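So the structure is just underneath, and the comments pick up after that.
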Amino acid sequence: MRNPVDVLIRRVDPEVPIPQYGHPGDAGVDLVTTRAAELAPGERTVLPTGVSIALPDGYAAFVHPRSGLAARCGLALVNAPGTVDAGYRGEIKVIVVNLDPRESVRFERFDRIAQLVVQQVEKVRFHEVAELPGSARAEGGFGSTGGHAAVDGSGGSQGGNRYASVVSDREGQ
Ligand SMILES: O=c1ccn([C@H]2C[C@H](O)[C@@H](COP(=O)(O)OP(=O)(O)OP(=O)(O)O)O2)c(=O)[nH]1
Ligand SMILES: [Mg+2]
C-alpha cells in the first residue's frame with residue numbers, strides 16, 4: 001500500500017470530527033454538515049462541513065455524493081463532483097439538492113452528507129495548432145456510438161437512433 005498523502009486540516013467548527021476513512025480501501029472520507037437542515041422536494045442548499053484543508057500542490061479534492069443517501073432519499077450534489085482546489089483555504093461546502101418528488105429530507109448536525117476524494121491532478125500547457133491529429137473517434141460524441149437517442153437528433157454515426165427505433169417498434173405491435 002502506498003503511503004498516505006499528508007493534508008493539513010483546520011476545524012472551522014471546533015466540535016466537528018476529523019474526517020476518517022470508513023474502511024482501509026475506501027476512496028473517500030465522509031464529510032458532515034455542521035448545520036441541521038430540511039430540504040423540501042426540489043429544494044437545494046449549501047451545507048457547511050466545518051473543515052478547511054490545505055492540499056499539497058498537484059492535488060485536488062473532489063466532493064462526491066454518498067450513494068446511500070442518493071438511493072434512499074434522492075439526495076444529489078448539484079455540482080457533483082465539486083472541485084476543491086489546492087489553493088482553497090475556505091470552509092468546504094456541499095451543494096445538495098433533494099431530487100425526491102414527494103419526500104423532504106432532513107439532516108441533523110454532524111450527519112454525513114458527502115464524501116471527499118483526494119486525487120493527483122495534472123497541469124497542462126496548451127499548444128495551439130490549426131489542425132488536430134486524426135483519431136478513430138474523430139468528432140463523434142454525445143451518443144455517436146448508438147444505443148440511445150443522439151442529442152442532436154441525427155441518430156449518430158453507428159447503429160442509428162436505436163432508442164427511438166425500439167420505441168417505434170413497440171408502438172407498431
Ligand atoms: O463542492 C464544492 C466545490 C467547490 N468548493 C470550493 C473549493 C473550490 O476551490 C472553490 C471554487 O470552486 P469552483 O472553482 O468549482 O467554483 P467557481 O464558481 O468556479 O468559483 P471560483 O470563481 O472561485 O473559482 O469553492 C467547495 O467548497 N465545495
Ligand atoms: Mg473555479
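Below, each value reflects all heavy atoms present in this structure, side chains not excepted, and no hydrogens, waters or symmetry copies. Not measured: the values here are computed from a predicted model. Whatever order the structure lists ligands and atoms in, that order sets their numbers, starting from 1.
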- Item | Linked, directly or transitively: Val5 and Ile9 (ILVMFWY side chains, under 4.5 Å) | yes
- Just to confirm, does any protein heavy atom lie below 4.0 Å from atom 13 (P) of ligand 1? no
- Determine whether more than 12 heavy atoms belonging to other residues, nucleotides or ligands lie under 6.0 Å from atom CD of Glu139. no
- Query: Nearest protein heavy-atom contact for atom 9 (O) of ligand 1: which residue, which atom, what distance?
  - Reply: Asp85 OD2, 2.5 Å
- Charged N to carboxylate O below 4.0 Å: is that the case for Arg35 and Asp111? no
- Closest approach of any protein heavy atom to atom 27 (O) of ligand 1, naming residue and atom: Lys93 N, 2.9 Å
- Query: Counting from 1, what ligand 1 atoms have a heavy atom of Ile92 closer than 4.0 Å?
  - Reply: 27 (O)
- From Leu116 CG over to Phe62 CZ, what is the distance, rounded to the nearest 0.5 angstrom? 9.5 Å
- Should we say atom CZ of Arg44 is surrounded by more than 12 heavy atoms from elsewhere, each under 6.0 Å from it? no
- 4.0 Å protein heavy-atom contact status of atom 22 (O) of ligand 1, strictly under: no
- Task: Specify the protein heavy atom at minimum distance from atom 25 (O) of ligand 1: its residue, its atom name, and the distance to 0.1 Å.
- Result: Tyr88 CE1, 4.1 Å
- Co-membership, hydrophobic cluster, residues Val29 and Tyr88, 4.5 Å side-chain: yes
- In the protein, what heavy atom is nearest to atom 1 (O) of ligand 1, and what distance, to one decimal place, separates them? Asn79 ND2, 3.1 Å
- Which of the atoms in ligand 1, numbered in the order shown and given with their element, are less than 4.0 Å from a heavy-atom of Thr83? 3 (C), 4 (C), 5 (N), 7 (C), 8 (C), 9 (O), 12 (O)
